[in-house]
Visitor: 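Take this structure, written in structure tokens, and hold onto it; I'll ask about it next.
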Amino acid sequence: MADPKGFMTTPREEWPRRPVEQRVRDWDEVYVPGALLPIVTRQADRCMDCGVPFCHDACPLGNLIPEWNDLVSREDWRAASDRLHATNNFPEFTGRLCPAPCEAGCVLAINQPAVTIKNVEVAIADRAWTDGFAPPRPPDRLSERTVAVIGSGPTGLAAAQQLTRAGHTVAVYERDDRLGGLMRYGIPEFKMEKRHLERRLDQMRAEGTKFRTSTTVGRDIGAAGLRARYDAVVIATGATAWRELDVPGRELTGIHQAMEYLPLANRVCEGDLAASPLSAAGKHVVIVGGGDTGADCLGTAVREGAASVTQLDIYAQPEADRDDDAEPWPTYPKIYRLSAAHEEARDLGTAPAAHADARLFAASTLRFEGDGNGGGDGNGDGEREGEGGGHVRSLHLVEVDARRRPLDSTGRSLPADLVLLALGFSGPDRSDGLIDQLGLATSPRGTVSRDADFATSTRGVFVAGDAARGQSLIVWAIAEGRAVAAAVDRYLTGSSQLPAPIGPHDRPMTV
């Protein structure tokens, strides 16, 4: 504990964002470059080095947070990098994308603003790359065992890196043309520039991991044949089966899933397209869904020059502070948070009909109406909505109570030229045939079933990440990848020294 009084003398200070008017004109990360290091050592001083650090338990990776906070406070960046990478393969990803349940579990957060754990983490990760503290770590010898990893999201990459470093020969199969899964085409550039992903992929290639892109297992190559070629297979395909909205008018053109919209914007940033075919430029945009994916759509639509953007959240607006009775410390509370995208929408006034940050809370979609070409007559009576096509022109909604029951006399209409559905995911997509070809058992939720060793019903086939857990956070995805790697290593060799931070049935702390 470098400064025993730091938590009393130093206020919380976060990485400042660039001015809204500046950052919405580009796709660069929203934070001020170089502005983190001058403040992060003081923020690390606020860590109390608790006797029982609940931040450990709140983080599924078990990150050694007080240890690297102390090292940062002393400006020992090499040692801090070693301690951080001891539990996390990709801290530059989590430091940018994770909502930081560790901060909710910070003991200081009982009655003060938490330590800026996430900011310290990303500062260490970036400094490690700048100063050369993250070199490739190829194995000393090879085991002569082979593993196929299907999916190159955070779970697949973490599993692949751990198994490669353990000496196994690993090939990662990815259906897209580039690696990274949702980090590549689902996460906008302004949240994480893809150079961070490319740098880590180069490290993995230097360590010996092989990558096969544009290859859908089950369609381009048979899943059973792949299993026969490798000693073990890890399924880390994620939960990509999106949830639908079954309301009248859904068949109208101009209504798209978020994961149809976001990848195109990312491809523009990659240089594949001059402009997105689904660009929000000049359109009235309504986003259905109040989660992080909806916020990503919001920030993207703002940058594309939408005429207006409104985000619908079926839940009531949360309070600004934790409800100690319903969600006591150290659980992760549902409180009002202002993401960078919501800050942009607020300052730019993108949704005059909505709340200040473009969100309409406690709002449920009733129906869509079109432009009169078969998609409804647009007069609000709903008599002809959904007949025969046409383009969406409005969304009709109603306010709901805590049990999602409509409230009388609260119906209203929003102009909508582009509607984006950001309702989450129900499980892995089965259309590629992977699950059926391997004969894998599934749960009632549609996820792939597994036992206590991450093993599926087919010998030698393991599953990890959202494909088995269901939609979750990036920090859980990486923890799953590390844990399944230990299970596979044990299956192949009889024992393993690889860390397993979580079990397949572990869940976040709740009341």
Side-chain angles (χ1 to χ4, degrees), residues 99 101 104 242-250 252 255 257-258 284-298 308-329 331-339 341-343 345-346 349-369 376 379-383 385-386 392-416 419-426 444-445 470-473 507-511:
W242 50 58
R243 292 192 176 97
E244 262 297 346
L245 182 62
D246 186 15
V247 299
R250 170 60 183 91
L252 293 167
I255 304 173
Q257 290 283 347
H284 296 290
V285 181
V286 180
I287 302 160
V288 183
D292 289 341
T293 302
D296 293 343
C297 292
L298 174 62
S308 70
V309 193
T310 306
Q311 183 180 7
L312 308 185
D313 190 332
I314 200 167
Y315 296 102
Q317 180 170 339
E319 299 295 328
D321 299 314
R322 180 197 293 271
D323 183 336
D324 290 328
D325 293 326
E327 298 175 308
W329 175 90
T331 61
Y332 188 76
K334 184 176 178 59
I335 60 175
Y336 178 79
R337 295 178 172 89
L338 193 69
S339 72
H342 293 120
E343 180 184 50
R346 179 197 65 188
T350 70
H355 297 166
D357 61 7
R359 282 178 281 192
L360 274 175
F361 291 97
S364 177
T365 303
L366 292 178
R367 66 183 185 275
F368 302 108
E369 291 189 351
N379 63 11
D381 59 20
E383 292 180 358
E385 71 270 12
V392 67
R393 290 295 177 233
S394 64
L395 178 151
H396 294 256
L397 60 90
V398 65
E399 294 180 23
V400 295
D401 62 16
R403 298 174 63 182
R404 303 188 184 181
R405 295 174 302 191
L407 300 177
D408 293 338
S409 304
T410 61
R412 57 188 297 193
S413 175
L414 296 177
V419 176
L420 302 173
L421 306 181
L423 302 171
F425 305 89
S426 59
R445 297 187 301 146
Q471 187 177 355
S472 190
L473 304 177
R507 292 294 183 269
M509 288 186 294
T510 57
V511 177

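All values below were derived from every heavy atom in this structure, side-chain atoms included, with hydrogens, water molecules and symmetry-related copies excluded. Just so we're clear, the structure is a prediction, and the values are computed from it rather than from any experiment.
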Visitor: Nearest 0.5 Å, what's the CG-CG distance between L414 and L360?
Guide: 6.0 Å
Visitor: Output yes when a side-chain donor or acceptor of E369 lies under 3.5 Å from a complementary backbone atom of H396, and no otherwise.
Guide: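 It does not hold such a pair.
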Visitor: Counting N and O atoms only, with roles assigned by atom type, does the side chain of Q311 sit under 3.5 Å from a partner on the main chain of G289, one being a donor and the other an acceptor?
Guide: yes
Visitor: If you compare all heavy atoms of A104 against all heavy atoms of T331, which two are closest, and at what distance to 0.1 Å?
Guide: CB-O, 3.8 Å
Visitor: Please determine whether side chain to side chain contact (heavy atoms under 4.5 Å, CB included) holds for the pair F368 and L245, giving the CA-CA distance in whole Å, both sets of side-chain angles, and the decisive distance to 0.1 Å.
Guide: CA-CA 11 Å; F368 302 108; L245 182 62; 3.9 Å; yes
Visitor: Could you tell me the separation between the CZ atom of R367 and the CG atom of L397, rounded to the nearest 0.5 Å?
Guide: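 The CZ atom of R367 sits 10.0 Å away from the CG atom of L397.
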Visitor: Is it true that atom CD of E244 has more than 12 heavy atoms of other residues, nucleotides or ligands lying nearer than 6.0 Å?
Guide: yes
Visitor: Got a second to check how far L298's CG is from E343's CD, nearest 0.5 Å?
Guide: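 Going from the CG atom of L298 to the CD atom of E343 covers 11.5 Å.
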Visitor: Check whether Q471 reaches the backbone of F425 with its side chain - one donor and one acceptor, N or O, closer than 3.5 Å.
Guide: yes
Visitor: Within this structure, what is the NE2-CZ distance for the pair H342 and R359, rounded to the nearest 0.5 Å?
Guide: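 If I round to the nearest 0.5 Å, the distance is 4.0 Å.
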Visitor: Mind listing the closest non-hydrogen atom pair of L423 and V288 along with its distance?
Guide: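 L423 and V288 have their closest heavy atoms at CD2-O, 3.5 Å.
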Visitor: To check you understand the geometry: which heavy-atom pair defines the closest contact between V247 and L366, and what is its length?
Guide: CB-O, 3.5 Å
Visitor: So which heavy atom on V398 is nearest to which on T410, and how close?
Guide: CG2-OG1, 3.1 Å
Visitor: Less than 4.5 Å apart, any side-chain heavy atom of P333 and any of D323?
Guide: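 Not in contact.
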Visitor: Using side chain to side chain contact (heavy atoms under 4.5 Å, CB included) as the criterion, point out the one residue from L421, V309, L395 that pairs with V286.
Guide: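 Checked L421, V309, L395 against V286; only one passes side chain to side chain contact (heavy atoms under 4.5 Å, CB included): L395.
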Visitor: Rounded at 0.5 Å granularity, tell me how far CG in D313 sits from CD1 in I287.
Guide: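 Nearest 0.5 Å value for the CG-CD1 distance: 11.5 Å.
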Visitor: Between K334 and P318, which heavy-atom pair has the shortest distance, and what is it?
Guide: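 Answer, listing the atom of K334 first, then P318: O-CB, 3.7 Å.
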Visitor: Working to the nearest 0.5 angstrom, can you tell me the gap between R412 CZ and E399 CD?
Guide: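 CD of E399 is found 7.5 Å from CZ of R412.
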Visitor: When you measure from the side chain of R322 to the backbone N and O of E327, does any donor-acceptor pair fall under 3.5 Å?
Guide: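 Pair found, side chain donor or acceptor close to backbone of E327.
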Visitor: Please name all residues satisfying salt bridge (charged side-chain N to carboxylate O under 4.0 Å, His left out) with R405, sequence neighbours left out, ordered by chain then number.
Guide: D401
Visitor: Is the charged tip of R404 near the ring of Y315: under 6.0 Å from the six-membered ring centre and within 45° of its axis?
Guide: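 Flagged: R404 positioned over aromatic ring of Y315.
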Visitor: Which heavy atom of A345 sits nearest a heavy atom of D357, and at what distance?
Guide: CB-O, 3.8 Å
